[in-house]
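Contents: one structure, followed by commentary.
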Amino acid sequence: MAAPAPPLSHDAIVQTSWQRCRAFGLDHQSTPAFDQLPAAGIAQLLDSHHSLVQTTHQEVLPYYENILSNSNCLIMLADNQGQVLTSWGTQRFIEPNLARGFQAGASWMERCSGTNAIGTALACEQAVHIEHDEHFLKANRFMTGSAAPIFDAERKVIAVLDVSSDSYLPPSHTLGMVKMMSQTVENRLILNLFHGQHFQLTFNTGLNNLDSQWAGLLIFDESGQVLSANRRADNLLGVRLSRVSVESLFKVSLLELINQPDGLPFALQTSGRNRFQCLLKRPKQASIQPRVFAAEPKTAAPTAISLNTLHFGDSRVEKAVRQAERLLEKDIPLLIHGETGVGKEFFVKALHQASSRSKQAFIAVNCAAIPAELVESELFGYEKGAFTGANQKGSIGLIRKADKGTLFLDEIGDMPLPTQARLLRVLQERCVQPVGSSELFPVDLRIISATNRSLREQVQLGRFREDLYYRIGGLTLELPPLRERSDKEALFKRLWEQHREPAQWAGLSQEVLELFSRHPWPGNLRQVSSVMQVALAMAEEQPVRLEHLPDDFFVDLEMEPVESAAPLGLDLNDVEALNRELKASGGNISHLARRLGVSRNTLYKRLRQIEG
């Protein structure tokens, strides 16, 4: 990859900017045009950059209050077209006849406003400091300013941050500060994009600067694939980090890296001789506490799950939906059976939203995720001081939290037998007795259970109460595994639509759809969602092809091993031989790549060149 162009010197930045201004037909006496947007355009501009503005205002500026403490200092945020989004600080130093240039929608591009911190930073894509007399237009020489571009994860300029004043601003200090602020915005945008769902590696040259905004930041998934990185990470490692393996960057195995203690510094050496101090932050763990889906009138309508979206023509799923619909307002318990990942919780949530209880709480509890010794106190609640470590205020418990709503007991087959007895009493008496209390609390709720086991077999083995089995299983609905569904292709397209970015219109290639259709999908819909998200990230705006799919997707498609004394000595330029071997491998790209001794991606690219 070509190295980035070296930064221009300050004098070169100003000289080339003045040359551009003359080429635009400007002279020193020209009046700044600012090209102000109309009101409708301003509203659209601010709406499209809402997240950027909020991140800067709420998560970045509070750490730089010392800048705003200068009463003659103004901070401006503009988009990549130089259009002002918002500002913080004072505007008292601004010339009255130029006030419109500091309002939302005004443009500071060089073609209409001459040399200035915002427009020139965008033009040369680097941080700049423009002194009073360095502005090309005399009208702008009342101020001085420093600005730094803000880049997204693809290293494209998305905005620029500016600090301006009519007072003297020390160039090196102000320029360093605005560069630090822009880097902070970039870091926050990256972290907010992934919401702590993946591994986060922070690294720098020493322990004393490890918590600095100038530290390198990497986000990588559990397979070691780098999903995003800040520019500082690029600079420290000397490479662009898009879609590389973290193992290729440091002399450490993925297993060793992800097992580093969370929050404690450790050292890593790069494939060269550089050594960095690092901090690892693991993905947020799913809490054993249930998720509470309280109805929100303002957002319920657009986000509601319709029962009709649960199937796209599969007769078994359609039957389950129709049966559930008929019992929607009946006091008949439902038991949902299906493999892990088939969408049991999604199904139950849709039933809740379609029922008269939709405005009330939906409480989902994974019975297998709560330690056995805590199940009763979590479900039924407890009195204050009921046991060692109990909250001094006590707890009403999950069942009472679901009062008037729906309680979803997932993996109910893992519920301990003593807890099963207490749950049976709740179902019979419609009352809850907290742990350590003699008082009964009436509840009105719909209980729906789910399991991936055969509860009938568990009853025969003495692991599940027979009376509870018949109480929760008024009607058992079977959700088929994905591999057995007849509407797979429509499902794949729906999940693509659900996970794609607005600019991703190319869809799934036919070869991927065919491979998806014959994949066994042991993880069912949960696995499809995971594969789809990775593939879309790899494909960007291209159609999703085989080379965009994660490696572990192909593990379940592997053929029985074919004995071979040695790798095939095949020339990849021999089209006829290559096609012959591919046919002999049953179209299994991974299998053929291993026999050829090349990577799967190399073979994909060669086959695509042949097709082209």
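We use all heavy atoms of the structure for the numbers below, so side chains are in, but hydrogens, waters and symmetry mates are not.
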Is there a side-chain contact (heavy atoms from CB on, under 4.5 Å) between Val512 and Leu546? Walk through the geometry before answering. CA-CA 6 Å; Val512 165; Leu546 298 183; 3.9 Å; yes

CD of Gln54: more than 12 outside heavy atoms within 6.0 angstrom? yes

Got a sec: does the CD of Gln542 have more than 12 other heavy atoms crowding it under 6.0 Å? yes

Quick one about [Y] and [X] (side-chain donor to acceptor, distance below 3.5 Å, no hydrogens or angles considered), yes or no?
X	Y	value
Glu110	Ser17	yes
Ser146	His129	yes
Thr184	Asn187	no

Kindly indicate, with the supporting measurements, whether the criterion side-chain contact (heavy atoms from CB on, under 4.5 Å) is fulfilled by Leu45 and Leu37. CA-CA 9 Å; Leu45 173 72; Leu37 289 174; 4.0 Å; yes

Would you sort out whether Arg545 and His548 count as a side-chain contact (heavy atoms from CB on, under 4.5 Å), showing the intermediate values? CA-CA 6 Å; Arg545 300 192 180 96; His548 300 136; 4.0 Å; yes

Testing the basics here: between [X] and [Y], what is the closest heavy-atom pair and its distance to 0.1 Å?
X	Y	value
Thr202	Leu210	CG2-O, 3.5 Å
Gly101	Ala106	O-CB, 3.5 Å
Leu279	Pro265	CD2-N, 3.4 Å
Gly82	Leu122	N-CD1, 3.4 Å
Ala229	Arg155	O-NH2, 2.8 Å
Val163	Cys73	CG1-SG, 3.3 Å

Is a donor on one side and an acceptor on the other found under 3.5 Å between the side chain of [X] and the backbone of [Y]?
X	Y	value
Asn230	Glu186	no
Ser530	Gln527	no
Gln126	Leu8	yes
Gln269	Phe276	no
His50	Asp47	no
Trp214	Asn204	no
Asn116	Trp108	yes
Arg100	Ala33	yes
Thr120	Val14	no
Gln504	Leu536	yes

Any heavy-atom pair between the side chains of [Y] and [X] that's under 4.5 Å?
X	Y	value
Glu222	Ile258	no
Leu46	Thr86	no
Asp162	Leu74	no
Arg22	Phe136	yes
Leu52	Val185	yes
Thr56	Ile75	no
Leu77	His57	no
Ile42	Gln36	yes

To the nearest 0.5 Å, how far apart are [atom1] in [X] and [atom2] in [Y]?
X	Y	atom1	atom2	answer
Glu59	Leu189	CD	CG	8.5 Å
Leu98	Gln91	CG	CD	12.0 Å
Leu237	Asn274	CG	CG	8.0 Å
Glu256	Phe266	CD	CZ	9.5 Å
Trp18	Glu134	CH2	CD	8.5 Å
Thr144	Glu131	OG1	CD	4.0 Å

Give the intermediate values and the outcome of side-chain contact (heavy atoms from CB on, under 4.5 Å) for residues Phe346 and Arg526. CA-CA 11 Å; Phe346 193 82; Arg526 189 175 297 141; over 6 Å; no

Test side chain to side chain donor-acceptor pair (under 3.5 Å) on Asp221 and Gln225; report intermediate values, then the result. CA-CA 6 Å; Asp221 63 18; Gln225 185 87 17; over 6 Å; no

Strictly under 6.0 Å, is that where the ring centroids of Phe34 and Phe102 end up? no

Could you check whether the rings of [X] and [Y] sit parallel, tilted or perpendicular, using 30° and 60° as the cut-offs?
X	Y	result
His198	Phe194	perpendicular
Phe142	Phe93	tilted
Phe250	Phe203	perpendicular

Sort out for me which residue in Arg500, His499, Arg494 forms a side-chain hydrogen bond (donor to acceptor under 3.5 Å, both in side chains) with Glu497. Arg500

